[in-house]
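Notes to accompany the following structure.
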Number of protein chains: 2
Amino acid sequence: MPVTIRDVARAAGVSITTVSHAFNGYEDVGDETKKRVLQVAKDLNYRPSRVARSLVLQQTQSVGLLISDFNANPGSNHFLFDVLAGIHNRLAELGYDVTLLSTTTARQQLISYIDFCTERRLEGVIVMGMRMDDPYMQEVADASLVSVGIDLPILSRHCGYVMTDNVGGAKQGVKHLLSKNHRRIGFVNGHLHAVVSIDRLRGYEDALQDEGIAVDPELIVHSDFLVEGGEKATAALLERRPDVTAIFYASDLMALGGMRHLQKAGRRIPEDVAVVGYDNVDVGQWVVPALTTVGQKRYEMGTSAAEMLVGMLQRKEEPRACVLQAEMVIRQSS
Amino acid sequence: MPVTIRDVARAAGVSITTVSHAFNGYEDVGDETKKRVLQVAKDLNYRPSRVARSLVLQQTQSVGLLISDFNANPGSNHFLFDVLAGIHNRLAELGYDVTLLSTTTARQQLISYIDFCTERRLEGVIVMGMRMDDPYMQEVADASLVSVGIDLPILSRHCGYVMTDNVGGAKQGVKHLLSKNHRRIGFVNGHLHAVVSIDRLRGYEDALQDEGIAVDPELIVHSDFLVEGGEKATAALLERRPDVTAIFYASDLMALGGMRHLQKAGRRIPEDVAVVGYDNVDVGQWVVPALTTVGQKRYEMGTSAAEMLVGMLQRKEEPRACVLQAEMVIRQSS
DNA sequence: AATATTACCCAAAACGTTTTGGAAACGCAA
DNA sequence: TTGCGTTTCCAAAACGTTTTGGGTAATATT
């Protein structure tokens with residue numbers, strides 16, 4: 001149905017070789033014929049088939065975007081979408097197509113994500129929204145497929161990653177609190193099998209130690225990154241140490257839950273207890289008081305991942321770890 | 001580099017025809033050979049090339065997902081992401097790949113989105129996040145490419161759409177307010193060149209008329225769907241009609257802005273002024289008081305769009321308008 | 001014994017490109 | 001005349017599949 005290079009060749013009275021050459025900037029086609037071919041092609045609305053092109057060139061110029069399980073990440077959609085936008089836009093600029101792929105897809109069809117990619121001859125893949133304990137992690141780790149992970153610190157022969165500096169970010173958040181003269185600062189962390197939790201704990205400890213303050217284990221409590229969890233964790237923390245003057249949360253959602261509990265318990269924010277979250281979710285600017293938080297450069301994470309991937313693809317660059325700085329967003333809760 | 005059907009054929013000592021037949025469920029291959037071929041294929045890690053397959057079959061089994069300009073929709077990311085998840089998941093189940101595409105991509109490379117799709121031999125396209133006055137709209141309208149729009153009420157020979165019932169939704173929102181005995185209900189609408197604004201106005205009017213209440217033009221004010229706009233519009237409305245007892249907003253963001261102003265102005269919510277929004281953004285459940293709103297079934301919009309598209313593709317179904325019911329989410333602000 | 005049927009298998013063409021290795025035509029120098 | 005460079009063009013192979021239209025041998029039917 002669609003018009004082929006052969007149609008153009010026939011209509012212009014030349015060979016398909018000539019048409020191909022005219023399109024691809026070869027020098028061995030006369031000015032006169034070149035103009036004619038191009039005109040005919042335009043008239044016929046000719047568009048070269050990428051699939052035929054991919055077949056002969058043995059490269060598809062397209063990469064996969066693996067988003068783990070789409071619905072498994074409630075509350076982090078804003079994050080994923082911004083990163084996705086960055087990935088797509090940069091990749092488009094660089095001439096690559098991006099094909100969506102989720103682990104549910106693969107599971108539904110009982111196919112590994114590697115198989116999915118090789119069938120489609122995807123040249124690389126960017127992975128995001130995946131937890132370290134996801135069974136697919138092993139696959140991306142050992143794969144010979146070129147890949148870069150978002151917030152997945154695995155570095156291997158063909159696999160780089162980009163993430164934000166979580167220890168630095170947490171450190172900034174706590175330092176901010178310290179600068180407001182808080183000394184008994186609670187920390188509500190996420191579960192410890194998440195990489196970010198470990199790093200943020202490090203940042204928390206580092207900030208205190210820089211100031212010569214001993215880390216008090218009673219001030220640290222673990223939760224699950226979500227609102228309810230933050231609420232309960234805050235209750236537990238207040239029970240144990242009613243004298244905290246500030247709480248640093250490893251996620252905004254937990255901070256939101258925490259603020260809810262604090263307000264119920266009659267503590268004013270920030271006068272009685274200051275609150276700092278982590279993630280810079282949209283919600284943060286609409287709660288009262290607006291939430292101080294440390295945010296990630298989401299869009300930039302996407303563009304960086306895109307650039308790293310094509311670097312590995314085109315210039316055979318080594319996979320590396322790209323860590324971006326976090327950015328403090330100071331609002332009214334602290 | 002990757003292993004081809006020829007490699008398998010050679011290793012199994014059969015022709016490529018036989019390998020192809022063995023893989024595709026033909027009956028004319030012996031049990032013995034079939035088993036051998038499959039085993040060899042597995043050993044060699046053979047994966048049939050989709051691009052070769054697409055070329056000969058003349059169909060790619062993949063569709064485009066056009067997201068207008070990615071960054072042009074601040075605040076509606078959550079919406080787009082959920083829809084995207086629905087689209088992708090359903091499409092994957094139905095055996096289609098989805099390729100990302102934004103109008104910025106096309107603009108960058110000075111290529112129309114139609115050309116983008118035909119070059120890649122995409123079989124159809126789902127369009128979302130686009131405004132009716134976007135210059136690309138004309139293209140999707142006259143395109144011969146099979147397509148379905150999200151929240152884009154254009155119906156043509158090859159083009160269907162899915163959207164939520166905005167007049168019904170607005171009607172529900174206002175009826176809810178009426179049921180709480182409010183009689184002077186303000187309406188902060190979006191700009192009128194957005195289709196949804198016109199429908200929501202209709203719903204507002206219908207609800208009042210059903211109750212025998214005259215529509216008072218002084219109670220209606222236009223804004224821009226965003227927070228600041230809602231804030232100003234609310235100020236203007238209160239100025240003009242200080243006696244309103246409830247306000248219905250055409251977007252949650254405007255409602256958020258409105259609540260901010262109301263609280264500044266010393267009006268209690270919902271005691272003095274009840275508030276109902278539209279969209280069910282995540283934020284809504286975290287502000288105090290939590291925002292009553294009318295929401296769209298975002299994920300379901302995605303799956304519906306996916307189903308409509310493959311219906312048109314595979315069963316030659318006629319393009320149709322699929323309108324989903326809105327759902328009231330009642331919280332504390334009303 | 002001849003013929004029809006069945007069960008397996010395969011060669012070759014096709015899909016729409018790119019690229020290689022010339023060929024034809026021409027001008028120019030020997 | 002011959003030989004040689006240029007310029008402009010093209011035929012054919014290749015990419016990895018699917019599908020058509022057989023073919024061969026063994027078995028069943030007459």
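Ring geometry, A:Phe23 versus A:Tyr46: the interplanar angle exceeds 60°, so the pair is classed perpendicular (tilted spans 30 to 60°). Ring geometry for A:Tyr26 against A:His21 counts as parallel: the plane angle stays under 30°, on a 0 to 90° scale with 60° as the upper cut.
Across residues 46-55 of chain B, B:Tyr46, B:Arg47, B:Pro48, B:Ser49, B:Ala52, B:Arg53 each have a non-hydrogen atom less than 4.0 Å from an atom of DNA chain D (numbered order). Shown for residues 111-119 of chain A: no residue has heavy atoms falling under 4.0 angstrom of DNA chain D.
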Next on the checklist: One character per nucleotide, please: for nucleotides 4-14 of chain C, 5' to 3', B when the base has a protein heavy atom closer than 4.0 Å, S when only the sugar-phosphate does, - otherwise.
Outcome noted: ----BBBBB--
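Between the P atom of D:dT8 and the NZ atom of A:Lys35 lies a distance of 14 Å, rounded to the nearest Å. In this entry the distance linking CD of B:Gln59 with C1' of D:dT18 reads 12 Å, nearest Å. Counting to the nearest Å, the P atom of C:dT17 and the CZ atom of B:Arg121 are 6 Å from each other. Taking atom CZ of residue A:Arg120 and atom C1' of nucleotide D:dG16, one finds them 16 Å apart after rounding to whole Å. When rounded to the nearest whole Å, the span between CG of B:Leu57 and P of C:dC15 equals 13 Å.
Among the protein residues, B:Ile5 comes within range of the nucleic acid bases, having at least one heavy atom under 4.0 Å from a base atom. B:Ser20 comes within 4.0 angstrom of a nucleotide base, judged by non-hydrogen atoms across all strands. No engagement by B:Phe23 is indicated, since no non-hydrogen atom pair under 4.0 Å with the nucleic acid exists.
Annotation: the span from A:Phe81 atom CZ to B:Ile67 atom CD1 amounts to 5.0 Å, rounded to 0.5 Å. With values rounded to the nearest 0.5 angstrom, B:Thr99 atom OG1 is found 6.0 Å from A:Asp97 atom CG.
Of the possible polar contacts, none joining the B:Arg6 side chain to the B:Ile16 backbone as a donor-acceptor pair under 3.5 Å is found. Remark: side-chain polar atoms of B:Asp142 are not paired, donor with acceptor, to backbone N or O of B:Val140 under 3.5 angstrom. Checking side-chain atoms of A:Thr33 against main-chain N and O of A:Val29 turns up no donor-acceptor pair under 3.5 Å. The backbone N or O of B:Leu101 lies less than 3.5 Å from no partner atom in the side chain of B:Thr105, so there is not a single donor-acceptor pair. Side-chain atoms of A:Gln109 come within 3.5 Å of backbone atoms of B:Ala92 as a donor-acceptor pair (strictly under, hydrogens ignored). For the pair B:Asp134 (side chain) and B:Tyr136 (backbone), a donor-acceptor distance under 3.5 Å is present.
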Close N/O contacts between protein and nucleotides 23-27 of chain D (under 3.5 Å):
none

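Under the 3.5 Å distance criterion, with hydrogens and angles disregarded, a donor-acceptor pair is assigned to the side chains of A:Ser15 and A:Thr18. A donor-acceptor contact closer than 3.5 angstrom is absent between the side chains of A:Glu93 and A:Asn89.
Heavy-atom neighbours of A:Asp31 CG from other residues, nucleotides or ligands within 6.0 Å: at or below the threshold of 12. Atom CG of A:Asp133 has more than 12 neighbouring heavy atoms from other residues, nucleotides or ligands inside a 6.0 Å radius.
Taking 4.0 angstrom as the limit, A:Gln58 places none of its side-chain polar atoms (N or O) nearer than this to OP1 or OP2 of C:dT18. The phosphate of C:dT19 (OP1 or OP2) has a side-chain N or O of A:Tyr26 nearer than 4.0 angstrom.
Every residue meeting the side chain to side chain donor-acceptor pair (under 3.5 Å) condition with A:Glu139, not counting sequence neighbours, appears here in chain and number order: A:Ser112.
Across B:Arg121 and B:Thr60, no two heavy atoms sit closer than the pair O-OG1, 2.7 Å.
An angle of 70°, rounded to 10°, separates the two end axes of the helix from C:dA1-D:dT30 to C:dC28-D:dG3, each defined over five pairs.
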